[in-house]
Amino acid sequence: MSWIGMFAGLAALAGITMEPDGYAACLDSNAPLECIADHAVRNAPDTEFTDVIAAGAPRAVLSVATPRQSRVAELAARVALGERPGLSPAEAQTILALFGGVEFYESGLPGDARAQWLWPVALSAPVHGLDLRQALLVAASRAERDDEIRALIRETPLDGDWTADERASFASSAARLGGDWRAAEAWLASGGDRAGGYSIPEIRLGIDQARLHESYDPDAAARVLEGILSDDGLLPWPLDGPEALKAAGATGELRALGAALVERGRTPGRRAEDRTDDFGLAAWAFRAIGDEDAALSAAREGMAFVPEAVAGRTNISSFGTWPVRELLELRPDEAVVSGLLWSYDRYAAVVKAGGQGDPSWIVDDPGPFSVVLATDLLRTRRDAAAARALFEALDAKLSDPSIEPWDRIESADNRMMLAAVAGDGEALNDVFADAVAALDEGEAGAGEALRLVIDYREARAILTERP
């Protein structure tokens, strides 16, 4: 029997009677994914056990986990496989903490249903240790479990024997993950503000943002505005502060932000990409307060710097094109005909408008980001026709005999996902089989083999969910 006919039984933990001669031999085994994971760790016994957990390989994880880790690691791998083993609250807590730090949530869906049942079990008993609570906060955030986030913050004793650094770290988590600025302030005031290993100004700015997401506060808004316009790196993501101002309805501050950015964007000698960021964010700020005229003006002025900003780049999706993307929100037709939308930006504009973008815009981009973004877009929209077209274009490109085995492996995740969105299980399996064969042909390591297993599971989950 061929491996394709056996995928219905992939979750079975059947024994492998013969050690496979390479990865490709696993395809005809009773449990191909388990076999690939076993072969990966056999060739690389120092593989991180968390990667094996994410691949859902209970048997393989036992060969890389320490004796102390082995029971929980095996249970965690079984959960990743879709099983529901009997667990104590402490075991459920540890497994959820592991899932907060491994690729588990990239091996299925956000808020993966395979792990949701763990939460009532985990929180049916006290959580001991601040590190464990922090890890659970990360896992709850990834799983979008807001009630559990609030409970974990609320029930953590402020008077515990915590160091200044631990208090600062928890204050940051309370603000950033839980949006609880009151708890964050209390943790800072209790000694966290004396921490030497954390940026207290950055934590305070995070607290201000959390406060603004709840309601408008003029002092917090002023500090966030100052933080956005500074170059001190306290706001690592461009829209962190602006989104908080928007949530608070801080119209005056957003208008001041837009005006300051336009002025800064006009500074002679400023780098072209910085200027496109200035004008792009200015247009965003004006659009956030409903001032379309000012937003259009900023976007159009910033577009003059886009060609220089993207000159020489091998991948120009999004980088240096913020003004054009803002114009796309305001005047889609004008943005499309401007000639300043490339690769993914151009493709997404057409797809979001109800059309089918030209797959060559994605396939011909030499950088890796366009195909990743396009695949995610089509997955989110469940656009089967566009997914089929892009899959076929990628498949045609990779049919070139000069393509290296590594390229077949590296592209497998997107091609499998596109096949799943298109509803083509046979094509999905074919891509997987080709990538597995490429593992033997190239110099891929255990990490690539495990990643392939994770990506395959993810694509199969999407295929199964299709209406």
Side-chain angles (χ1 to χ4, degrees), residues 1-7 20-29 32-33 35-37 39-40 43-44 55 313-317 342-344 346-347 356-379 384-460 462-463:
M1 182 183 295
S2 73
W3 71 276
I4 293 177
M6 295 180 178
F7 269 101
D21 182 19
Y23 288 106
C26 288
L27 297 176
D28 288 314
S29 74
L33 302 189
C35 177
I36 290 170
H39 192 61
N43 293 332
R313 287 190 179 276
T314 58
N315 182 294
I316 49 181
S317 287
W342 291 276
S343 10
Y344 172 74
R346 184 182 184 189
Y347 183 85
Q356 185 167 310
D358 187 336
S360 68
W361 300 339
I362 301 298
V363 174
D364 293 343
D365 187 339
F369 300 113
S370 286
V371 66
V372 173
L373 293 171
T375 300
D376 189 59
L377 173 69
L378 300 180
R379 167 182 168 168
R388 166 69 67 183
L390 183 54
F391 173 84
E392 291 176 349
L394 287 168
D395 211 42
K397 181 178 181 179
L398 289 163
S399 65
D400 187 327
S402 65
I403 292 295
E404 297 290 333
W406 175 255
D407 294 317
R408 289 152 55 200
I409 299 168
E410 190 176 46
S411 65
D413 57 344
N414 294 304
R415 290 188 292 142
M416 288 191 295
M417 182 55 68
L418 289 168
V421 175
D424 193 337
E426 184 175 354
L428 191 166
N429 289 343
D430 287 344
V431 171
F432 179 69
D434 177 69
V436 171
L439 290 171
D440 291 327
E441 298 168 20
E443 297 181 356
E448 286 75 30
L450 293 170
R451 182 70 250 179
L452 186 59
V453 170
I454 293 169
D455 292 333
Y456 179 78
R457 290 195 191 283
E458 181 182 13
R460 292 295 300 188
I462 295 298
L463 181 68

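Heads up: numbering here begins at 1 and tracks the sequence.
Side-chain contact between Trp406 and Leu439 is absent, with no heavy-atom pair separated by less than 4.5 Å. With contacts defined as side-chain heavy-atom distances shorter than 4.5 Å, the pair Tyr456/Leu428 qualifies. Looking at Leu378 and Phe391, their side chains never come closer than 4.5 Å, going by heavy atoms from C-beta outward. Using a 4.5 Å heavy-atom cutoff, the side chains of Leu390 and Val363 are in contact. Between Arg460 and Asn429 the shortest side-chain heavy-atom distance falls below 4.5 Å. Here the side chains of Ile36 and Leu452 are not in contact, with every heavy-atom distance at 4.5 Å or above. With contacts defined as side-chain heavy-atom distances shorter than 4.5 Å, the pair Asp365/Tyr344 does not qualify.
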Candidate pair Arg451 and Asp413, rule salt bridge (Lys or Arg N to Asp or Glu O under 4.0 Å), full reasoning: CA-CA 9 Å; Arg451 182 70 250 179; Asp413 57 344; over 6 Å; no

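Atom CD of Glu458 is separated from atom CG of Leu463 by 12.5 Å, given to the nearest 0.5 angstrom. Taking CD of Glu448 as the reference point, atom CG of Asp455 lies at 11.5 Å (rounded to 0.5 Å). In this structure, Arg457 CZ and Ile462 CD1 are separated by 15.0 Å, a value rounded to the nearest 0.5 Å. Atoms CD and CG, on Glu392 and Asp424 in that order, are 9.0 Å from each other to the nearest 0.5 Å. Distance check, rounded to the nearest 0.5 Å: OG of Ser411 to CG of Leu398 gives 4.0 Å. The OH atom of Tyr23 lies 10.0 Å from the SG atom of Cys35; values are rounded to the nearest 0.5 Å.
Across every non-hydrogen atom of His39 and Gly22, the tightest pair is NE2-CA, 3.6 Å. Nearest heavy-atom pair across Ala389 and Gln356 is CB-NE2, 3.3 Å.
The side chain to side chain donor-acceptor pair (under 3.5 Å) check on Asp364 picks up nothing, with sequence neighbours excluded. Every side chain to side chain contact (heavy atoms under 4.5 Å, CB included) that Glu441 has, sequence neighbours left out, goes to Pro405, Arg408, Ala437. By the side chain to side chain contact (heavy atoms under 4.5 Å, CB included) test, Ala24 is found to be paired with Asp440, residues two or more places apart in sequence or in another chain being considered. Taking Asp358 as the reference, Ser360 meet the side chain to side chain donor-acceptor pair (under 3.5 Å) condition, with sequence neighbours excluded. Every residue two or more places apart in sequence or in another chain that forms a side chain to side chain contact (heavy atoms under 4.5 Å, CB included) with Ala44 is listed here: Asp46, Thr47, Ala446. Under the side chain to side chain donor-acceptor pair (under 3.5 Å) criterion, Ser399 pairs with no residue, sequence neighbours left out.
Residues Arg415 and Glu410 are not paired through a salt bridge, judged by the lack of any N-O separation under 4.0 Å between the basic side chain and the carboxylate.
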